[in-house]
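Lettering of chains follows the sequences in order, A, B, ..., and the numbering in each one begins at 1.
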Amino acid sequence: DAGVIQSPRHEVTEMGQEVTLRCKPISGHNSLFWYRQTMMRGLELLIYFNNNVPIDDSGMPEDRFSAKMPNASFSTLKIQPSEPRDSAVYFCASSTSGRGTGELFFGEGSRLTVL
Amino acid sequence: AQTVTQSQPEMSVQEAETVTLSCTYDTSESDYYLFWYKQPPSRQMILVIRQEAYKQQNATENRFSVNFQKAAKSFSLKISDSQLGDAAMYFCASSYGGSQGNLIFGKGTKLSVKP
């Protein structure tokens, strides 16, 4: 079975440019999460969706960040305009909601470098 | 607020020996899960072991086991017969918000394994 698929694996861009990160969750999973990982702050939850609906976006740092989930098999995280402090590894993860195991299945992450 | 604390930024163990990684957490949830995830240099987060808070019995997965002390809110990971492939970052995590898969992570412990 395919796991969570993220693209791109690496992105290098210049300050001010728009960045779009993509995620395909595991088929059948109805919860999707975007995390950001930095050395300073560790893993931070940015936003999560349940059945394609954003449930909690309180972790989104500011209005430059937006996330969408137009259908059950695709989500995007967009940063516009990007800034050097956005440099991080962005992980997408999916799970089955409800009183299940609570386990998150992670993608391999997208490493973003903003120059 | 939910918090997860890993007090050991780095640990080292000799191959074939046993090592214990510490984790404490704070939660207001009455029902929650605890996890240990491994992040090797490849970056992908991999579930090592999971503990349901309502179960008193400590979870075990082959060479990995936990010492779950609910009253003390402690959740340590023991790795027995350490192998070179165990070298990685280890993250402790606690679920919150009703087991939708929302996890809060500790800052991680970097484990080195010496041959």
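More than 12 non-hydrogen atoms from other residues, nucleotides or ligands lie less than 6.0 angstrom from NZ of B:Lys70. Surrounding NZ of A:Lys68 are at most 12 heavy atoms belonging to other residues, nucleotides or ligands under 6.0 Å away. Summarising the local packing, CD of A:Glu62 is surrounded by more than 12 heavy atoms from other residues, nucleotides or ligands at distances under 6.0 Å. Atom CD of A:Glu14 has 12 or fewer neighbouring heavy atoms from other residues, nucleotides or ligands inside a 6.0 Å radius. Within 6.0 Å of atom CG in B:Asn62, 12 or fewer heavy atoms from other residues, nucleotides or ligands are found, so the atom counts as exposed in its surroundings.
Neither the backbone nor the side chain of A:Val4 comes within contact range of chain B; no heavy atoms are under 4.5 Å apart.
Separating the CZ atom in A:Phe105 from the CG atom in B:Leu47 is a distance of 7.5 Å, to the nearest 0.5 Å.
The hydrophobic clustering, which links ILVMFWY residues whose side-chain heavy atoms are closer than 4.5 Å, places B:Tyr90 and A:Val89 together. By the criterion of side-chain heavy atoms lying less than 4.5 angstrom apart, applied directly or through intervening Ile, Leu, Val, Met, Phe, Trp or Tyr residues, A:Tyr90 is not grouped with B:Met89; the two fall into different hydrophobic clusters. Criterion: ILVMFWY side-chain heavy atoms under 4.5 Å apart, direct or through other members. Under it, A:Met69 and A:Phe106 are not part of a common hydrophobic cluster. By the criterion of side-chain heavy atoms lying less than 4.5 angstrom apart, applied directly or through intervening Ile, Leu, Val, Met, Phe, Trp or Tyr residues, A:Ile47 is grouped together with A:Ile79 in one hydrophobic cluster. Following chains of ILVMFWY side-chain contacts shorter than 4.5 Å, one cannot reach A:Phe74 starting from A:Phe49, and the two form parts of different hydrophobic clusters.
At a heavy-atom separation below 4.5 angstrom, chain B is approached by A:Gln37, A:Met40, A:Arg41, A:Gly42, A:Leu43, A:Leu45 within residues 37-46 of chain A. Within residues 107-115 of chain A, the residues that have a heavy atom under 4.5 Å from a heavy atom of chain B are A:Gly107, A:Glu108, A:Gly109, A:Ser110, A:Arg111, listed by number. Contacts with chain A (heavy atom to heavy atom, under 4.5 Å) involve these residues of residues 36-44 of chain B, listed by number: B:Tyr37, B:Gln39, B:Ser42, B:Arg43, B:Gln44.
Among the candidates A:Tyr35, A:Phe33, A:Phe91, the single residue satisfying the ring pair (Phe, Tyr, Trp, His ring centres under 6.0 Å) test with B:Phe105 is A:Tyr35.
Counting only residues at least two apart or in different chains, salt bridge (Lys or Arg N to Asp or Glu O under 4.0 Å) contacts with residues 3-16 of chain B are absent.
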